[in-house]
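Chain identifiers are assigned alphabetically (A, B, ...) following the order of the sequence lines, protein sequences preceding nucleic acid strands; residue numbering begins at 1 within each chain. What's counted below: heavy atoms across the whole structure, side chains too, no hydrogens, waters or symmetry copies. What you are looking at is a predicted structure, and each value in this text was computed from that prediction instead of being measured.
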There are 2 protein chains.
Amino acid sequence: MNEAARIPPEIPSPDAAPPAANEDRPEAPAYDLMELLFFAYRDFVADPDRILAEYGFGRAHHRVLHFVDRNPGLTIAELLDILRITKQSLNRVLKELIEQGYIAQRTGTSDRRHRLLTCTPGGRRLARRLAAVQGRRLRRALDEVGPELREPAGRFLLALIEPGEREAVSRLLAATAETGPADEP
Amino acid sequence: MNEAARIPPEIPSPDAAPPAANEDRPEAPAYDLMELLFFAYRDFVADPDRILAEYGFGRAHHRVLHFVDRNPGLTIAELLDILRITKQSLNRVLKELIEQGYIAQRTGTSDRRHRLLTCTPGGRRLARRLAAVQGRRLRRALDEVGPELREPAGRFLLALIEPGEREAVSRLLAATAETGPADEP
DNA sequence: GAGATATGTCAACAACACTGACGTAAATCC
DNA sequence: GGATTTACGTCAGTGTTGTTGACATATCTC
């Protein structure tokens with residue numbers, strides 16, 4: 001509807017817009033990075049999608065499986081905070097994963113209201129299979145651009161994250177780094 | 001389907017071992033990068049989402065608007081190839097964008113079957129407003145990690161893209177770099 | 001015991017993807 | 001110049017994943 005009424009105050013626009021080139025005008029939006037991020041992410045999730053389809057699962061299941069595998073004992077509330085979805089949305093996929101034996105629940109000991117989530121062996125197997133294809137893509141990419149870019153790439157991605165959330169993300173990464181993908185099945 | 005049929009050659013497997021493990025085992029999967037990509041992308045699209053909600057639009061509208069703004073004269077088939085969705089899916093959001101005056105169609109001259117898509121001034125304004133918030137996030141990130149990481153970051157993201165598609169993506173990026181976000185309002 | 005917290009659930013709805021089928025106009029092939 | 005292919009439009013139905021709102025239950029905290 002009437003778009004004419006809407007005048008975004010933020011963009012100096014009409015004559016202030018510079019050419020796309022990045023070097024000459026550092027203020028030009030990084031269109032190339034925006035689009036690379038789009039294409040990279042699309043291909044990045046496409047591999048798991050194919051596997052998930054075999055199981056009748058979707059991306060939502062993948063995310064739950066992934067973070068539970070990486071963080072055994074995760075509670076519902078923590079998972080909701082990671083995924084940023086409503087508990088109703090989570091519950092639907094979580095229920096399926098539990099009913100089909102990929103994820104197990106146990107009641108918290110210190111706080112019996114908590115539901116501590118863990119992967120069953122089958123759940124872990126699927127989670128790692130999904131991680132494997134994404135890991136292969138990442139490894140191939142790092143092999144191509146040079147392994148010395150791994151740490152900078154991580155810093156760049158972290159810098160893209162909302163500042164107020166980086167701390168929590170970093171803690172999560174550190175926690176999983178301890179637990180590790182461990183050889184234990 | 002039958003995942004049990006899979007027998008990884010190296011691992012004795014106590015009860016159906018994980019194909020998830022890296023066969024040659026050079027190093028563990030880059031779990032940190034997987035998760036950083038997830039969180040970064042989530043925040044990256046969150047900014048546009050808020051703006052789009054004002055207009056009653058969603059991410060699908062954003063993607064169409066973005067690529068049409070960046071590639072004036074784009075055809076339906078080209079857009080479908082970029083977005084990798086069905087024409088029925090595209091048609092729904094495209095119709096809304098056209099009806100509400102954000103995108104215009106004209107018939108191709110060399111091939112009158114083509115529909116050449118362009119942004120109206122209002123469409124361009126919205127597209128640039130959306131690009132602006134994502135551009136701000138990218139610029140802030142690059143300021144933090146150092147601008148010298150811009151080019152490597154782009155190479156890393158490109159390397160994540162399916163090899164067979166990188167050529168097309170590169171061409172698209174090059175094309176938009178030429179056309180640029182033109183000064184005309 | 002009162003109130004807050006963590007979780008579960010029901011119902012309705014919306015965005016956005018899919019498949020399959022069919023139609024039309026325009027270009028191309030033989 | 002008729003047949004075929006290509007590019008696009010549309011109708012109808014379906015599935016996944018998100019949303020809001022309301023309400024229930026168990027458990028912890030004060």
Side-chain angles (χ1 to χ4, degrees), chain A residues 38 41-42 45-46 48-68 73-100 103-118, chain B residues 38 41-42 45-46 48-68 73-100 103-118:
Chain A
F38 167 74
Y41 193 80
R42 187 157 68 53
V45 295
D49 279 354
R50 282 185 278 271
I51 296 175
L52 290 159
E54 300 174 13
Y55 294 76
F57 289 149
R59 287 179 200 177
H61 301 87
H62 181 196
R63 293 192 281 263
V64 171
L65 215 41
H66 176 94
F67 284 106
V68 171
L74 206 63
T75 68
I76 302 289
E78 288 167 337
L79 193 46
L80 286 175
D81 188 54
I82 289 172
L83 302 176
R84 294 292 167 83
I85 58 176
T86 58
K87 65 177 174 181
Q88 293 92 328
S89 285
L90 172 57
N91 209 264
R92 191 176 17 210
V93 298
L94 184 55
K95 197 153 60 175
E96 290 173 3
L97 287 167
I98 290 174
E99 283 170 356
Q100 297 179 38
I103 284 188
Q105 271 184 334
R106 64 175 198 278
T107 302
T109 48
S110 66
D111 187 334
R112 291 175 45 80
R113 290 171 303 180
H114 288 325
R115 300 289 174 272
L116 308 186
L117 304 171
T118 52
Chain B
F38 167 74
Y41 193 80
R42 189 159 65 55
V45 295
D49 279 354
R50 282 184 279 272
I51 295 173
L52 290 159
E54 300 173 15
Y55 295 76
F57 289 151
R59 287 180 199 177
H61 301 85
H62 181 196
R63 293 192 281 263
V64 171
L65 215 40
H66 176 94
F67 285 105
V68 171
L74 206 62
T75 68
I76 302 289
E78 288 167 338
L79 193 46
L80 286 176
D81 188 55
I82 290 173
L83 301 177
R84 294 291 168 84
I85 58 176
T86 59
K87 65 178 174 179
Q88 293 91 330
S89 285
L90 172 59
N91 208 266
R92 183 171 6 98
V93 299
L94 184 56
K95 196 152 62 174
E96 289 172 4
L97 286 167
I98 291 173
E99 283 170 358
Q100 297 180 35
I103 284 187
Q105 270 184 333
R106 63 175 197 279
T107 301
T109 49
S110 67
D111 188 333
R112 291 175 44 79
R113 291 172 302 181
H114 288 324
R115 300 288 174 273
L116 308 185
L117 304 171
T118 52

Mark up nucleotides 19-26 of chain D, 5' to 3', with B wherever a protein heavy atom is under 4.0 angstrom from a base atom, S wherever such an atom reaches only the sugar-phosphate, and - elsewhere.
BBBB----
Taking CG from A:Leu97 and P from C:dG8, how many angstroms apart are they, rounded to a whole number?
13 Å
So among A:Thr118, A:Leu79, A:Leu116, which one has a side chain to side chain contact (heavy atoms under 4.5 Å, CB included) with A:Leu74?
A:Leu79
Could you tell me the separation between the CG atom of B:Asn91 and the P atom of C:dG23, rounded to a whole number of Å?
18 Å
Between atom NZ in B:Lys95 and atom C1' in C:dC16, what is the gap in whole Å?
15 Å
Could you state the CZ-C1' distance from A:Arg63 to D:dT16, rounded to the nearest angstrom?
11 Å
Just checking A:Gln105: base, sugar-phosphate only, or nothing, at a heavy-atom cut-off of under 4.0 Å?
sugar-phosphate
What integer distance in Å separates B:Leu94:CG from D:dC8:P?
11 Å
Would you tell me if any nitrogen or oxygen in the side chain of B:His114 comes within less than 4.0 Å of OP1 or OP2 on D:dC8?
yes
Would you kindly give the OH-to-P distance between B:Tyr55 and C:dA14, to the nearest whole Å?
23 Å
Which part of the nucleic acid, if any, lies within contact of A:Glu96, taking any heavy atom under 4.0 Å across all strands shown: a base, the sugar-phosphate backbone alone, or nothing?
nothing
From CZ of B:Arg59 across to P of D:dT16 the rounded distance in Å is 19 Å
